[in-house]
2 protein chains.
Amino acid sequence: MELAEAKQKFIEAWGKLGSEWGINRTMAQVHALLLITPEDLTTEEIMETLQISRGNANMTLRDLIGWGLVEKRLKPGERKEYFYADKDTWNIARQVAKERRKRELDPIIKILDELSKVKGEKNDPEFKTFNKSITDINKLAKNVDKTLETMLKAEESWFWGSLLKVFK
Amino acid sequence: MELAEAKQKFIEAWGKLGSEWGINRTMAQVHALLLITPEDLTTEEIMETLQISRGNANMTLRDLIGWGLVEKRLKPGERKEYFYADKDTWNIARQVAKERRKRELDPIIKILDELSKVKGEKNDPEFKTFNKSITDINKLAKNVDKTLETMLKAEESWFWGSLLKVFK
DNA sequence: TTAAACTTTCAAAATATTTTGAAAGTTTAT
DNA sequence: ATAAACTTTCAAAATATTTTGAAAGTTTAA
């Protein structure tokens, strides 16, 4: 396979994976493109390569910056903005975990905590089932939360080392 | 908060979370409803409670069965089909992990393996960056894969015990 | 067989999400 | 102050996803 073809394949695959996980396909594709590009790229170059509009490129890049995955770079003497993606996969994974925790896990845990407090007749099967499901899901969510917290602090080698040692 | 209100809240929250993770909102809601319901429910009851059409209910239930989260139950002497969801949260988590691994992680690993094989000029920065990103992501994906495999085999208490012991 | 009871299908409609692109906004150089 | 170079905005258009519901299909009982 040619490098150019391989790049296309990767961008496509990454976009598909993203959309399956609730991430806008274009956003995943722009990120993929930046990941396999050694230099910074301009909005113009991204529009051109991925065949997307200026507005779309601009918004997507802003989102990626909001996710902490891409940074804006300025070159001395130039008006244009350049964009660059951190290539460290462990940093990327952590950054995504961090943001999704903040945006999605934290809010659901807050709701589950609320719902855990609901009182009811101890012998009412309706209440018993509700309560058991809520408290169990809450426990699971909190375990995931703790694990993510550890991951966020950890070094990659230590993290996988510990994990795979235990789980071997 | 009243139990009835709490149920509504949970169904809503679960639907929202699902849609943020690439799971159809209605599917997540039907699952939520079954999770907090002690008895089996008929298509009719699900349609009524969630205010969805027969076609939607039917397709969603088939999907949930396909994900291994819901089972069809027949009652002797009755024509109607009843639906029931396993309430064991650990089983649910494992089942979801298992399906997503099969549907999404496995295919992307297959593509990454392909892309890792692409040959190029060792000093070409384009090639070097592409290659590094691909191989790094591939390694990460394989670590996740191994961890999921362990999770799929494991008992809940052992899994979290080991994890939290190491990460404390 | 027939018909009642129930489930499944799928084209069309509704809804939600994403994308476009031209206009408005901003910054810098002269 | 003006204009060129660039970025941002956002209403409308395009696209994608989800939902509907009536018709077709299936199963069972009599």
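Picking from D/dT18, C/dT18, C/dC6 the nucleotide with the shortest atom distance to the side chain of B/N24 gives D/dT18. When each of C/dT19, D/dT18, C/dT9 is scored by its nearest atom to the side-chain atoms of B/T26, the top-ranked nucleotide is D/dT18. Residue A/R79 places its side chain closer to D/dA5 than to any other of D/dA5, C/dT9, C/dT20. Distance from the side chain of A/N58 is smallest to D/dT8 among D/dT19, C/dT9, D/dT8. The B/M59 side chain lies nearest to C/dC10 when the options are C/dT20, C/dC10, D/dT19.
A donor-acceptor contact under 3.5 Å is not formed by the side chain of A/R25 with the base of C/dT18. Donor-acceptor pairing under 3.5 Å, judged by distance alone, is absent between the side chain of A/R54 and the base of C/dT20.
One interatomic measurement links the two molecules: CD of B/E81 to C1' of D/dG25, which rounds to 14 Å at whole-angstrom precision. Atom CE of B/M47 is separated from atom P of D/dT19 by 14 Å (rounded to the nearest Å). Rounded to an integer number of Å, the gap from CG of A/L64 to C1' of C/dT18 is 15 Å. Atoms CD (A/E45) and P (D/dC6) sit 12 Å apart, rounded to a whole Å. Distance, A/Q29 CD to C/dT19 C1': 13 Å, rounded to whole Å. What separates CD1 of A/I23 from C1' of C/dT18 is a distance of 15 Å, to the nearest Å. In this structure, NZ of A/K80 is placed 22 Å from P of C/dT26, rounded to the nearest angstrom. Rounding to whole angstrom units, CD of residue B/E20 and P of C/dT17 are separated by 11 Å.
Residues B/K146 and B/E149 are not paired through a salt bridge, judged by the lack of any N-O separation under 4.0 Å between the basic side chain and the carboxylate.
Put simply, B/K72 has a side-chain N or O that comes within less than 4.0 Å of OP1 or OP2 on C/dT8. Proximity of B/N56 to the phosphate of D/dT20: a side-chain N or O atom is located under 4.0 Å from OP1 or OP2. Residue A/R62 places none of its side-chain N or O atoms closer than 4.0 Å to OP1 or OP2 of D/dT7.
Nearest-nucleotide positions on DNA chain D place A/E78 closer to the 5' end than the other of A/S19 and A/E78.
With a cut-off of 3.5 Å on both Watson-Crick or G-U wobble distances, the partner of D/dA29 is given as C/dT2. Across the strands present, D/dT9 finds its partner in C/dA22; the criterion is a Watson-Crick or G-U wobble pair with both atom distances under 3.5 angstrom.
For CZ of B/R100, the number of neighbouring non-hydrogen atoms (other residues, nucleotides, ligands) closer than 6.0 Å is greater than 12.
A side-chain contact (heavy atoms from CB on, under 4.5 Å) with B/N131 is found for exactly one of B/T135, B/T129, B/I134, namely B/T135.
When only modelled atom types and interatomic distance are considered, B/D63 and B/N24 share no side-chain donor-acceptor pair under 3.5 Å.
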TODO: Walk me through it: do A/L34 and A/Y84 pass the test side-chain contact (heavy atoms from CB on, under 4.5 Å)?
DONE: CA-CA 6 Å; A/L34 287 169; A/Y84 178 81; over 6 Å; no
TODO: Apply side-chain contact (heavy atoms from CB on, under 4.5 Å) to A/D88 and A/I92, showing your working.
DONE: CA-CA 6 Å; A/D88 183 321; A/I92 296 166; 5.9 Å; no
